[in-house]
Amino acid sequence: MSEEATKQDNGEETAASQSQHFIKEIINGDLEEGRYELVHTRFPPEPNGYLHIGHAKSICLNFGLAEDYKGQCNLRFDDTNPSKEEQEYVDSIIEDVHWLGFDWEDRLFYASDYFDTLYEYAVRLIEKGLAYVCDLSAEETREHRGTLTEPGKNSPFRERSIEENLDLFTRMKAGEFPDGTRTLKAKVDMTHPNLNMRDPVMYRILHAEHHRTGDKWCIYPMYDFTHGQSDSIEGITHSICTLEFEDHRPLYNWYIEKLGIYAPRQIEFARLNLSFTVTSKRRLLELVTEGRVSGWDDPRMPTISGIRRRGYTPESIRAFSARIGVAKRDSMVDMALLEHYVREDLNRRAPRYLAVLNPLKVVITNYPEGQSEMLEAVNNPEDPDAGTREIPFSKTLYIERDDFMEDPPRKFFRLAPGREVRLRYAYFIKCDEVVKDENGEIVELRCSYDPETRGGHAPDGRKVKATIHWVSADHAVDAEVRLYDRLFSVENPLAEEGDWHSYLNPKSLEIRENCKLEPALAGHDKGFFCQFERLGYFCIDPDSSEGKAVFNRTATLRDPWKNIQKRQK
RNA sequence: UGCCCCGUGGUCUAAUGGCAAGACGGCUGACUCUGGAUCAGUUUAUCGAGGUUCGAAUCCUUGCGGGGCAGCCA
């Protein structure tokens, strides 16, 4: 295949999946120039926490690029700091990437796989006079580094002989020295304007148990001395990372060049920021450890496991990732966009049911006592193949409290005294009487139905302004429903004054214990999702048990009435 | 203030020297047995100043604004 043809093919793939972002332009250029022959990327998380929606963007980018260019993408754990990393995190990351729908085949790697090679590389730099063992303490090292505006000064240990360095480094590895007493540093330039180039630490002493290598090592390579070489070893062509590593690129290239090994290209893009939440492992970890949420997979969390439990689909996450694009400018994507993509996906696929989350009892006064009948309902108006089902109707029903107002404002179309509405798939009913308790609380509505309107059609052609959902009291299934809202009540809690914790949305979780569901909603397992008509999309939570269903609200439906109410206030 | 990066509607992204486009959100209307969905319409943008050019969001200079970097974290 000619170069021209290859390029054309890639162009077509591109149009189908992602937009033509700057990384693809760089890749196309590299391919044209013959710098690389095929595209090989990698997703390199540190197993020190759960993955979040920001990682999803990176995963979709890296694996998506591999798909687009018919290349490959590795999964690699950047596990060079045993004090923060755990097997639990490794397991969750593997599950999350799979769930998103990506496959690394047999290319699951760990930076710790390369510890021996990395050690050899370090020795090679010492032998070239490009690395030295430094006895400065952490604090002294900081003092020698200089500041943003002043140059640093050389370490007194900088000119040690190669033999001494080799000896000391060997003894570091052998465990002769306590933590923090020595480091191996690269000999670059203490006056370099880029602080990363001022004799960066390559190895530190850390007598810690590593989740994979156990106690084999007591010295561990730093990120900068690991990442590029790992990319090189795996034959990565394009090493894509976030913006904060931009200043590390010169060092990335320096190690590769001095080592004389294969050179990948590092490209940086802007990490995802999402409104009404935080996307930083550190802060998410805080929310978990401080008990602000129930765990990493709390459905309010922007973690992949939280989003999954919330009921988001991998398809919607991928569509979202493709749409937000890839660029270098800092941005804050609107949470509404993510919500849009779940709704779009679920609208197409979710079967509809009737469920009442805040029940108000309705008695149909002219319906015969003890009688019931089955009414036909459409399962999914978006999908003709989804068929129909039957719903029981009887004299006593529940409707949503929000669907009745004793003194309705303008533009409220639902039930009110003397007003007629349609019960979805059932009959027209009219509210004749409002029953209250001693506190003035409405406890029951007494309504009459029109038998001629069975199925929801009026033979005389008269119209009603609203159709509301309902459940037959005698046939209802009880359930707990958890209503989730945004985790924070402001767009960007980190940009607000004071502690970001104080902007946590106190109403981010509302538990409804006494929900009434139509019978067809009984007996579903984890993984089941549906739409409760007029309310939103819901899924079964893993907390469900044989006797008690627990549903999570994934997303509400679009709700113009809510906007009208806001404006009326 | 040393080095690096970035400034396009309310938000995100496109336009690669040649009509500033799309998506989300908002608004209006049509349709509707979900105030859903769908459809149609609409609203709002190139940070400023110079320069190069027939022509600049795009190239150059400069100012302003935002972000990142002084871990033996990644």
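Atom set for the values below is all heavy atoms of this structure, side chains included, hydrogens, waters and symmetry mates excluded. By convention in this document, chain letters (A, B, ...) are assigned in the order of the sequence lines, proteins followed by strands, and residues within each chain are numbered from 1.
Protein atom CD of A:Glu533 is 13 Å distant from nucleotide atom C1' of B:U32, rounded to whole Å. Look at CD on A:Glu244: it is 20 Å from P on B:G66, rounded to the nearest Å. Separating the CD1 atom of A:Ile23 from the P atom of B:U13 is a distance of 13 Å, rounded to the nearest angstrom. A:His248 has its NE2 atom 10 Å from the C1' atom of B:G71, to the nearest Å. Following rounding to the nearest Å, A:Asp189 (CG) and B:G2 (P) show an atom-to-atom distance of 18 Å. Taking atom CG of residue A:Asp330 and atom C1' of nucleotide B:U11, one finds them 15 Å apart after rounding to whole Å.
Here A:Arg329 reaches the OP1 or OP2 of B:U8: one of its side-chain N or O atoms lies under 4.0 Å away. The phosphate of B:U34 has neither OP1 nor OP2 within less than 4.0 Å of any side-chain N or O from A:Arg343. At B:U34, none of the side-chain N or O atoms of A:His469 fall inside 4.0 Å of OP1 or OP2 (strictly under the cut-off).
Backbone-only engagement by A:Arg558 is indicated by non-hydrogen atom pairs under 4.0 Å involving sugar-phosphate atoms exclusively. At the heavy-atom level, A:Leu243 lies nowhere under 4.0 Å from the strands shown. A:Asp224 comes within contact range of no nucleotide atom at all, as no heavy-atom separation falls under 4.0 Å. A:Lys465 comes within 4.0 angstrom of nothing in the nucleic acid, heavy atoms only. Residue A:Phe77 is classed as having no contact, given no heavy-atom separation below 4.0 Å to the nucleic acid. Looking at heavy-atom distances under 4.0 Å, A:Tyr203 makes no contact with the nucleic acid at all. Among the protein residues, A:Glu382 comes within range of the nucleic acid bases, having at least one heavy atom under 4.0 Å from a base atom. Among the heavy atoms of the strands lying under 4.0 Å from A:Thr80 are primed sugar atoms or P, OP1, OP2 only; no base atom is included. Among the heavy atoms of the strands, none lies under 4.0 Å from A:Glu268. Contacts of A:Lys411 with the nucleic acid, taken as non-hydrogen atoms under 4.0 Å apart, include base atoms. A:Arg414 comes within contact range of at least one nucleobase, with a heavy-atom separation under 4.0 Å. Residue contacts for A:Arg352: at a heavy-atom cut-off of 4.0 Å it reaches a base atom on one of the strands shown. A:Arg323 comes within 4.0 angstrom of sugar-phosphate atoms only, judged by non-hydrogen atoms across all strands, and of no base.
Comparing atom distances between the A:Phe413 side chain and each of B:A70, B:G35, B:C73 picks out B:G35 as nearest. The A:Glu46 side chain lies nearest to B:C73 when the options are B:A70, B:U11, B:C73. Looking at the side chain of A:Arg567, the nearest of the listed nucleotides B:C69, B:G35, B:C27 is B:C27. Among the nucleotides B:C4, B:C72, B:A14, the one closest to any side-chain atom of A:His21 is B:A14. Taking the side chain of A:Ile564 as heavy atoms from C-beta on, and the options B:C6, B:A70, B:G35, the nearest nucleotide is B:G35. You'll find that the side chain of A:Pro381 is closest to B:U34, out of B:G26, B:C12, B:U34. Residue A:Met222 has its side chain nearest to B:C73 when only B:U13, B:A70, B:C73 are considered. Side-chain atoms of A:Pro560 lie closest to B:G36 of the nucleotides B:G36, B:A70, B:A74. Comparing B:U8, B:U34, B:G68 against the side chain of A:Leu557 picks out B:U34 as the nearest. Nearest nucleotide to the side chain of A:Ala138, out of B:G25, B:C72, B:A74: B:C72.
Here A:Asp330 does not pair with A:Arg271 in a salt bridge; the nearest charged N to carboxylate O distance is not below 4.0 Å.
To the nearest whole angstrom, the two C1' atoms, one in B:A23 and one in B:G9, are 13 Å apart. B:G17 and B:U44: their P atoms are spaced 29 Å apart (whole Å). Taking atom P in both B:U62 and B:C5, the straight-line distance is 14 Å, to the nearest Å. Rounded to the nearest Å, the gap between the P atom of B:G67 and that of B:U11 is 15 Å. Comparing the P positions of B:A37 and B:G26 gives a spacing of 10 Å, expressed to the nearest Å. Across the P atoms, B:A15 and B:G29 are found 37 Å apart, a figure rounded to whole Å. Spacing of C1' atoms, B:G65 relative to B:A49, comes out at 15 Å, to the nearest Å. Using atom P as the reference point in both B:G7 and B:C59, the two lie 9 Å apart (nearest Å).
Side-chain contact check for A:Asn154 and A:His144: no donor-acceptor pair (N or O, by modelled atom type) lies under 3.5 Å. A side-chain donor from one of A:Thr388 and A:Glu376 sits under 3.5 Å from a side-chain acceptor of the other.
Where stacking is scored as ring centres under 5.5 Å apart with planes under 30°, A:Tyr223 does not register as stacked on the base of B:A74.
If you run ring pair (Phe, Tyr, Trp, His ring centres under 6.0 Å) between A:Tyr203 and each of A:Tyr220, A:Phe177, A:Phe169, only A:Phe169 comes through.
A:Arg422 forms no cation-pi arrangement with A:Phe428, by the criterion of a distance under 6.0 Å to the ring centre and an angle within 45° of the ring axis. Figure legend: cation-pi geometry between A:Lys328 and A:Phe269 absent, as NZ or CZ is not positioned both under 6.0 Å from the six-membered ring centre and within 45° of its axis.
Under the 3.5 Å distance criterion, the side-chain polar atoms of A:Arg424 are left unmatched by any main-chain donor or acceptor of A:Thr467. A donor-acceptor distance shorter than 3.5 angstrom exists from the side chain of A:Ser275 to the backbone of A:Met335, with no hydrogens or angles considered.
Closest-nucleotide positions on RNA chain B for A:Glu491 and A:Asn563 were compared, and the one nearer the 5' end corresponds to A:Glu491. The residue among A:Asp247 and A:His227 whose nearest nucleotide of RNA chain B is located toward the 5' end is A:Asp247.
Glycosidic conformation, B:G71: syn, with the torsion inside 90° of 0.
Taking the six-membered ring for Trp, A:Tyr121 and A:Tyr255 have ring centres at least 6.0 Å apart.
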